[in-house]
Amino acid sequence: MNQNTDILTSLNPEQADAVTANNGPVLILAGAGSGKTRVLVHRIAWLIQQQQVAPHDILAVTFTNKAAKEMRVRIESLLPFSIAGMWVGTFHGLANRLLRAHYQQAKLPQTFQILDSADQLQMIKRICKDLELDPKKWPPKQFQWMISDHKERGLRARHVNPEGDYQLQKMHTVYQQYEETCQRAGVVDFSELLLKAHEVLLENPTILEHYQQRFKHILVDEFQDTNKIQYAWLQLLSSQHKGIFAVGDDDQSIYGWRGAEVENIRNFSNEFPNAQMVKLEQNYRSTSNILNAANALIENNAQRLGKKLWTDSGEGDRITLYGAFNEIDEAEYVIKQINRLARDGVRHDNVAILYRSNAQSRLFEEQLMRSNIDYKVYGGLRFFDRKEIKDALAYLRLIANPHDDAALTRIINRPTRGIGAKCITSVQARANAEGITLWQAIETLTKGTELTARTAYVLIKFTQLIESLQQQSTTLSLEDMVTNVVETVELHTLYEKEAPESAATRRENLIELGNAAAQVSSELDGEDPLSTFLAYTALESSEEDDETADRNCVQLMTLHSAKGLEFPVVFLTGMEEGLFPHSRSMDDPDQLEEERRLCYVGITRAMQQLFLTHAHVRRMFGEAKYSMRSQFIEEMPEELITDVSLPAKPKAAPISEPTSLFDEPDMEGMPFYLGQHVAHSKFGEGVVLNIDMQGVHPKVEINFNDVGNKLLNMEYAKLTPLE
DNA sequence: GAATGCGAAGGCAGG
DNA sequence: CTTCGCATTC
């Protein structure tokens, strides 16, 4: 067997077409479970082996580190040699690499640091405070969102025309201040990485030409998730050889909220002339019942490139629908099913519980724990986001670059060393007044005379601490540097004082940080160890490595983090109006379509069995909320679904005691019950949300399908029960 | 200046 | 139900 057949035999005709497509622009419209990664990997192997393309000339971009890693491993298993020279990575990782290589052109210090969104928010809060913006009227989060949104569209503060709009004026000021502060401190946030990398290419023709020449083939995974800047990058880099090979699925575009433009994939053929398109529609994952439900659902989206998944495997089981009384009942039902499945031989790690938002995991965790079922929650707190880790990292960041204001603010008084709020405020005031970093402000202030002797003393002690750490680290290995910081600063004593019960865990985590450092330094290739490690901690989630890999546990995650994965059994939970689709997306057709795509992603994760669950009443933010089941359920063909919900118990409940919904039928003669479907002569059909028997005029709150929530007087409203 | 306690506010998704 | 900012007390 020659290598050509080796690479192509295992592929279906469409996959083979994709793998052997011309060098020009290619778009692979790859449905869920259609072998997308396979095509990417085989394409690269085919280029290298059949077209004699050097790995060095290939750039492969993904969105997650996991996908990048998987791609690399799979290519290397197809090829008899290493592909070390190939650039494989995430957009953020590659941007970081580019900026490290060309830090002068990027006007960044060589040791520039990366801000995560928490750091970013802190900095924005500080700026808002300096500008004396009332956080109630001007929530810092909103500025954070606006800044990211602008950067993702390639807009800097100077591109914002603040005239006229008061809101825009404020935003412009904050954005400008933020840019300046970051620039001074030598830090970049996530979107800045991409934006700056793009600017470096645009503004430096020699650099641009170098990469344009080099990357004869650019392969992009999850193309539907690219934002404007990422797209501009790809266009720029591919403009010489036109060797762009984009793989994606417009039906799985679920990151609009962080700037992804689904138009990038929809308009591919217009933007890249002579583009070839290959559709992969044969699905190797799910039963046809599951696929048909997914197909029917996504048909409700107006704007699509159009694609219909099919499979030659069997129908499979019907989809199970369970409408629970409340969220506890929902969790109990799911656990009961998991136990039942286990008796039928389904391993726990074959089961995934998916939900719209992270907060929903708690109930399932409690129930799983009670039933002694091992589980793993994905995407919660990142290891590198833990408090103790961020503290230690902040010290390391200051060692690398003392002007890193975000890091300095974090630990200047952690552990407490007598530098209080007043002192910090005066340092910040000085920094603002002179346009210098906090570190520089401390230096100026301690040399001057306006500080009290005591304040000057503690500040000098602090700078000496950092300087001595810097001194020591010149001779230390990366992992010793970590240990040295932790011990010198006595971080563990801080945690023992704060929360003795978790001090042991924090200590272990700090040791683990040392291990991570050792790991990174063993993989160095001439880069600066500290900066590389710090960039790594910002860009890598460090999720998988551990022992959970072979534990037989139920998988819990959000729908977003489930993308790209598959499970024999999937529970799609919290299928309620307001939760999924999320209330903030329900009024905007575009956002509703994105929610629907998210649902589509969820359905297509399931290989054999799919369960849909929803709760009639759910405690949210401490109070009971009643919801109709998700419209997405109604959009799936009835004949594919078996409803195993218990028959509804028509009982009313007073507004004051919503928890007694199912056991206190104390309102005799009440014509309505919560969750009941009713019709109104003017407003159409709706569902009873609340009943208020207090007061002279009993009122009923109804969520109408067409006109939203209304509070009606029960005596006058002409309501007809529909059930 | 630090520790503690209180009330208010905010609460979707992730690199 | 949590987190965060703020005020009070030590």
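Sequence lines set the chain letters: A, B, ... in the order given, protein chains first and strands last, and positions in each chain run from 1. Both backbone and side-chain heavy atoms feed into the values below; hydrogens, waters and symmetry mates do not.
The same atom, P, is picked in B:dA13 and in C:dC4; the two are 15 Å apart, to the nearest Å.
Under a cutoff of 6.0 Å and an axis angle of 45°, A:Arg597 and A:Tyr600 do not form a cation-pi pair. Geometric assessment of A:Lys141 against the ring of A:Phe143 yields a negative cation-pi assignment under the 6.0 Å and 45° thresholds.
We find that CG of A:Asp134 is positioned 10 Å from P of C:dC6, with the value rounded to whole Å.
Taking the centre of each ring, A:Trp257 and A:His560 come in below the 6.0 Å mark. The six-membered or imidazole ring of A:His92 lies away from that of A:Phe63, with a centre-to-centre distance of 6.0 Å or more. Annotation: A:Phe112 is not in aromatic contact with A:Tyr103 [ring centroid separation under 6.0 Å not met].
Of all nucleotides in DNA chain B having an atom under 4.0 Å from a heavy atom of chain A, the first and last in 5' to 3' order are B:dG1 to B:dG15.
Among the protein residues, A:Ile254 comes within range of no part of the nucleic acid, since none of its heavy atoms lies under 4.0 Å from any strand. Contact annotation for A:Asn413: backbone-only contact, meaning every heavy-atom pair under 4.0 Å involves sugar-phosphate atoms and none involves a base. If you check every strand for non-hydrogen atoms under 4.0 Å, A:Asn65 touches nothing. The residue A:Arg362 sits close only to the backbone: its heavy atoms come under 4.0 Å of sugar-phosphate atoms, none of a base.
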Just the table, please: protein N/O against nucleotides 3-5 of chain C N/O, every pair under 3.5 Å.
| from | atom 1 | to | atom 2 | distance (Å) |
| --- | --- | --- | --- | --- |
| C:dG5 | OP1 | A:Lys125 | NZ | 3.0 |

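Checked against A:Asp404 for a side-chain hydrogen bond (donor to acceptor under 3.5 Å, both in side chains), the options A:Arg397, A:Arg410, A:Gln113 give a single hit: A:Arg397.
At a non-hydrogen distance threshold of 4.0 Å, A:Lys141 from residues 140-152 of chain A come into contact with DNA chain B.
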